[in-house]
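Read the numbers this way: they start at 1 and go in the same order the structure lists the ligands and their atoms. Remember, predicted model here, so these are calculated numbers, not experimental data.
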Amino acid sequence: MREYRGSEIRNIAVVGHGASGKTSLVDALAFVSGASKRHGSVKDGTALTDYSAEEIERGFSINLGCAFAEWMDSKINLIDTPGFLDFQGDAVAGVAAADGALCVVNATSGVEVGTEREFREAIRRKDPVLFVVSMMDKEHADFDRTYQQIKHRLTSKVIPVQIPAGQGASFQGVLNL
Ligand SMILES: Nc1nc2c(ncn2[C@@H]2O[C@H](COP(=O)(O)OP(=O)(O)OP(=O)(O)O)[C@@H](O)[C@H]2O)c(=O)[nH]1
Ligand SMILES: [Mg+2]
């Protein structure tokens, strides 16, 4: 890895409700960018940022985990935070350490209490927030419903930059607007 100047580094906290797909997304981003040579999985206990014995055994995040992606001359540090309320201290610390938040929202269950909690924490710190709608391949996934919930319950200042092509069984990928 090449050396990066401070101005080329971005620290992003990946936040959201428990089991919304944060750890899976971090692993996928590291893999797609080439920083990680293997596409890990939470289910198999091979996700980059769920590495402690207890996290692997239980299949959810307990501590902060850090991975990175090198993209367009920048190093993006991805701080994976735990979504369960019991570990909220680490999630708050992750947001505090970051320049911005990536808030993951599950397309089948929509905006949940953990989404709201972590979104408000990022906004309280005046951090920019990017939403990712996860689980688009699952039954009952609904992008429009999730987008409307974000708009009505979190912020009216939100605009799609990518939209899904299909949803549920017919999900094929995303379209860049
Ligand atoms: N079908 C499907 N399953 C997913 C997707 N993203 C994650 N999962 C699965 O959903 C479960 C939870 O994913 P995680 O990545 O552990 O979610 P998390 O937000 O990190 O969970 P916590 O760390 O507990 O907050 C795992 O079994 C994943 O394999 C997705 O886009 N589609
Ligand atoms: Mg996790």
Margin query: Could you check whether any side-chain heavy atom of D99 comes within less than 4.5 Å of a side-chain heavy atom of I12, counting everything from C-beta outward?
Written below: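 They are not in side-chain contact.
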Item checked: Within reach of ligand 1, part of K43 (heavy-atom separation under 4.0 Å) ->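 The part of K43 near ligand 1 is the side chain, not the backbone.
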Check: At a non-hydrogen distance cut-off of under 4.0 Å, which region of V104 contacts ligand 1 (side chain, backbone, both, or neither)?
Finding: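 The answer is neither; V104 stays 4.0 Å or more away.
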Do [X] and ligand 1 have an N or O pair less than 3.5 Å apart?
| X | value |
| --- | --- |
| D80 | no |
| G21 | yes |
| S134 | no |
| D50 | no |

Note to self: Let's test this: below 2.8 Å, count the protein N/O/S atoms around the Mg ion (ligand 2).
What the structure shows: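 N, O or S atoms of the protein closer than 2.8 Å: 2.
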Notebook entry, point to check: What residue and atom, counting heavy atoms only, is the protein's closest point to atom 1 (N) of ligand 1, and at what distance?
Noted result: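 Here the closest protein heavy atom is D137 OD2, 2.9 Å.
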Checklist line | Pairs flagged by ring pair (Phe, Tyr, Trp, His ring centres under 6.0 Å) wherever residues 127-172 is involved - sequence neighbours left out | finding: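 Passing the test, one end in residues 127-172: F119-F131.
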Donor-acceptor pair, [X] side chain versus [Y] backbone, under 3.5 Å?
| X | Y | value |
| --- | --- | --- |
| E55 | F60 | no |
| N176 | Q162 | no |
| S41 | K43 | yes |
| K37 | G34 | yes |

Pick, from [options], the option with the minimum heavy-atom distance to [atom].
| atom | options | value |
| --- | --- | --- |
| atom 16 (O) of ligand 1 | L25, V42, D27 | V42 |
| atom 21 (O) of ligand 1 | A107, S20, A28, A19 | A19 |
| atom 31 (O) of ligand 1 | M136, K138, E55, M135 | M135 |
| atom 14 (P) of ligand 1 | A91, P82, S24 | S24 |

Checklist line | E121 bridged to R125 by N-O distance under 4.0 Å | finding: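 Salt bridge present between E121 and R125.
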Checklist line | Pair E8 + K75: basic N to acidic O under 4.0 Å | finding: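 Salt bridge flag = no for K75 with E8.
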Item checked: Atom CE of M1: over 12 foreign heavy atoms under 6.0 Å ->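 Enclosed: over 12 neighbouring heavy atoms sit under 6.0 Å from CE of M1.
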Note to self: Are there over 12 heavy-atom neighbours, none belonging to R5, within less than 6.0 Å of that residue's CZ?
What the structure shows: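 Open.
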Margin query: Is a donor from one side chain sitting under 3.5 angstrom from an acceptor on the other, for T115 and E112?
Written below: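 Side chains of T115 and E112: no pair found under 3.5 Å.
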Check: Non-hydrogen atoms of G16 versus ligand 1: any pair closer than 4.0 Å?
Finding: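 Distance cut 4.0 Å: G16 fails for ligand 1.
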Notebook entry, point to check: Only one of T146, L25, N106 clears side chain to side chain contact (heavy atoms under 4.5 Å, CB included) with S134; which?
Noted result: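 Answer after filtering T146, L25, N106: N106.
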